Amino acid sequence: MGTKSKYKINMTSTNIADERLEGLKSLYPEAFTEQKVDFEKLKAVLGEDADESPERYTFTWAGKRDAIRILQTPSRATLIPYREESIDFDATKNIFIEGENLEVLKLLYKSYYGRVNLIYIDPPYNTGNDVVYSDSFTDSLDVYLKLTGQKDFEGNLLTSNPESSGRYHSAWLSMMYPRLFLARQLLRDDGVILISIDDHEVHNLRLLMNELFGEENFIAQLIWEKGRKNDAKLFSVGHEYIIIFAKSLDTIKKLKTVWREPKPGAQEIWEKYISLRKLYGSDDSKIQRALRDWYKSLSDSNPSKKLSRYKQIDEWGPWRDSDISWPGGGGPDYDVIHPQTKQPCVVPERGWRFASKEEMERQIRMGLVVFRSDHTEPPFRKAHLRPIPEELLDDEEAFFDFDEENGTEADIEVGMQVMPSYIYKQSQVAVKYLRKLMGAKVFDNPKDHEILARIFRYITSNTENSLILDFFAGSASTGEAILRLNRQYKTNIKF
């Protein structure tokens with residue numbers, strides 16, 4: 001007779017309602033009566049009076065209670081590995097799961113709770129032609145899709161939720177609510193979620209995200225312009241949005257997180273400077289002349305041409321002059337003595353950029369402040385293509401430690417910039433790319449993997465070994481973007 005295993009396997013996912021109740025009970029045991037929440041007691045514990053007025057700000061829709069009930073229903077589904085369809089199954093760092101995404105999110109809940117750095121989704125836009133799920137999962141995925149009208153019984157995908165439906169917006173919100181709730185649970189405290197959407201539901205999505213994530217955690221609403229539609233009767237609406245929320249914006253701020261991306265053309269300028277430094281050694285004047293000649297040789301469309309103000313050279317590389325006044329005004333007005341006239345320089349209208357006279361003097365000793373011919377004008381400061389590391393600035397005798405072998409200094413980052421909230425790229429580029437890759441047109445509106453890669457790199461640049469989740473995978477542009485990012489920049493992002 002075989003030996004019985006001493007281990008028991010729980011065949012259902014976490015019961016989220018029970019888990020939340022236990023958490024509430026541990027915090028406020030006095031608010032429970034016979035194992036149930038006494039809401040009047042809970043209000044008293046929290047120091048709140050009972051509502052005297054029925055009027056209050058709220059966001060609801062037909063079917064919201066059912067959506068919450070569906071969220072709280074444990075899944076009895078199981079994930080099954082498909083080794084024969086996988087490549088290097090035991091060593092791979094990425095997982096592609098085929099299944100109904102709400103059920104899969106429930107199954108991932110325990111293993112991935114609080115582990116995901118970034119979530120990107122491109123859900124149905126609810127244009128009247130999109131599938132919007134009716135959540136009932138007692139049968140297999142294939143049977144479920146057929147019963148809910150998303151597939152015919154020959155296996156062909158169908159669409160649902162026409163605009164004539166009496167619950168057009170409600171059906172979409174009921175579909176999104178439980179999925180976004182679970183998405184928030186999977187994020188790390190410093191994690192963020194990005195959601196592509198268009199004008200059909202962007203207003204409802206913002207309200208839904210305010211409820212689930214808190215409006216205090218809203219980060220930005222990007223506009224992605226994809227091209228003009230010349231057949232439009234009134235206006236050409238060729239843009240979509242990407243809504244960005246943090247799980248906890250307060251955590252991100254406490255970590256002093258700063259997102260930046262390389263300025264287009266900056267890397268090419270730096271590489272040119274490196275080659276000139278190797279050629280001319282410590283002769284900054286020869287490097288400067290050669291760099292200016294190179295700028296002149298570039299076409300006007302070259303992104304490096306737009307950065308040709310970085311045309312002067314010192315031991316820290318290309319630099320341009322920059323304002324030395326306090327951003328926004330109201331800065332300090334201490335005396336800064338001109339080295340030749342020995343008179344105080346004119347103070348900028350907004351005050352000095354540096355908070356203390358001591359810091360200004362340190363910047364001057366470092367050679368980062370350039371004086372005019374006399375004291376009647378304020379000096380300017382140097383703005384380098386690459387920031388100078390603080391550890392070098394702290395040393396008055398510091399100089400650029402040039403790596404002869406690699407032609408670079410590892411601690412100095414390339415000239416960076418903040419990403420704008422407006423992005424432009426023709427949608428047909430992604431369509432043609434995917435058609436060529438697959439040998440046929442298999443998706444109507446695939447997301448552009450290059451734009452996604454840019455955004456992913458921007459947000460995860462401060463985090464090693466980032467984990468990204470996409471639970472509306474579609475054409476798998478997220479996976480394509482991450483694989484190409486890892487190859488190009490030697491990053492280690494997983495999906």
Side-chain angles (χ1 to χ4, degrees), residues 5 7-22 63-87 89-90 92-116 119-124 130-153 155-161 171-187 193 195 212 467-476 478-479 494-495:
S5 171
Y7 299 109
K8 284 189 175 181
I9 299 174
N10 189 347
M11 296 302 291
T12 59
S13 65
T14 303
N15 189 314
I16 296 170
D18 289 348
E19 189 176 88
R20 296 170 81 189
L21 277 174
E22 285 301 316
K64 185 175 184 179
R65 289 180 182 174
D66 290 335
I68 295 172
R69 198 172 295 120
I70 288 166
L71 165 66
Q72 295 171 345
T73 303
S75 173
R76 297 186 63 85
T78 303
L79 294 178
I80 302 172
Y82 273 69
R83 291 179 175 272
E84 64 276 13
E85 294 184 13
S86 305
I87 298 174
F89 184 90
D90 294 311
T92 185
K93 298 177 181 178
N94 306 305
I95 304 173
F96 190 96
I97 301 171
E98 185 179 272
E100 204 297 313
N101 56 9
L102 179 55
E103 293 296 274
V104 173
L105 286 170
K106 290 180 179 180
L107 296 176
L108 296 179
Y109 181 82
K110 269 192 175 179
S111 299
Y112 287 91
Y113 180 89
R115 289 182 54 192
V116 177
I119 294 174
Y120 169 75
I121 57 171
D122 181 25
D130 293 308
V131 171
V132 174
Y133 308 116
S134 172
D135 291 319
S136 173
F137 318 115
T138 55
D139 295 297
S140 70
L141 175 63
D142 191 61
V143 172
Y144 161 73
L145 290 173
K146 290 172 182 175
L147 289 175
T148 55
Q150 298 175 50
K151 267 187 179 183
D152 63 22
F153 280 86
N156 301 308
L157 284 173
L158 303 174
T159 59
S160 60
N161 205 40
W172 189 85
L173 286 165
S174 292
M175 181 272 293
M176 292 294 291
Y177 182 94
R179 292 163 174 82
L180 289 174
F181 178 95
L182 289 169
R184 184 181 181 280
Q185 310 309 308
L186 299 181
L187 283 173
I193 182 169
I195 308 171
L212 291 173
L467 178 62
I468 296 179
L469 169 67
D470 178 353
F471 53 89
F472 282 99
S475 60
T478 295
K494 305 177 184 69
F495 66 83

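Predicted, not measured: the structure shown is a model, and the values here were computed from it.
Closest heavy-atom contact between A67 and S174: CB-O, 3.7 Å. Listed here is the closest heavy atom pair of V116 and L467: CG1-O, 3.5 Å. N15 approaches Q72 most closely through the heavy-atom pair OD1-O, 3.8 Å. The shortest non-hydrogen separation linking P124 to W172 is O-NE1, 2.7 Å. The two atoms that bring T478 and Y120 nearest to each other are OG1-CD2, 3.4 Å, heavy atoms only. Heavy atoms only, all atoms of each residue included: S111 and R115 are closest at O-NH1, 3.0 Å.
With sequence neighbours left out, the ring pair (Phe, Tyr, Trp, His ring centres under 6.0 Å) criterion links Y113 to Y109.
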Let's go through L102 and T73 carefully: what are the C-alpha distance in whole Å and the side-chain angles of both, what is the deciding distance for side-chain contact (heavy atoms from CB on, under 4.5 Å) to 0.1 Å, and is it a yes or a no? CA-CA 11 Å; L102 179 55; T73 303; over 6 Å; no
Check the pair E19 / E22 against side-chain contact (heavy atoms from CB on, under 4.5 Å), numbers first and verdict last. CA-CA 5 Å; E19 189 176 88; E22 285 301 316; 5.9 Å; no
Start with the C-alpha gap between L182 and L108, add the side-chain angles, then the distance that decides, and say whether side-chain contact (heavy atoms from CB on, under 4.5 Å) holds. CA-CA 9 Å; L182 289 169; L108 296 179; over 6 Å; no
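Once rounded to the nearest 0.5 Å, the distance linking CZ of F181 with CE of M176 reads 15.0 Å. Note that the CD1 atom of I80 and the CD atom of E98 stand 11.5 Å from one another [nearest 0.5 Å]. We find the OG1-CZ distance between T78 and R76 to be 9.0 Å, quoted to the nearest 0.5 Å. Interatomic distance, D18 CG to R20 CZ, rounded to the nearest 0.5 Å: 11.5 Å. We find the CD-CG distance between Q185 and L71 to be 8.5 Å, quoted to the nearest 0.5 Å. Note: N94 CG to F495 CZ = 4.0 Å, rounded to the nearest 0.5 Å.
One finds no salt bridge joining K106 and E100 here, because no Lys/Arg side-chain nitrogen approaches an Asp/Glu carboxylate oxygen to under 4.0 Å.
Put simply, the side chain of I119 does not reach to within 4.5 Å of the side chain of I468, judged on heavy atoms. Within the 4.5 Å cutoff, the side chain of I195 has heavy atoms near those of the L180 side chain. Two residues are said to be in side-chain contact when any heavy atoms from C-beta on lie closer than 4.5 Å; K494 and I95 fail this criterion.
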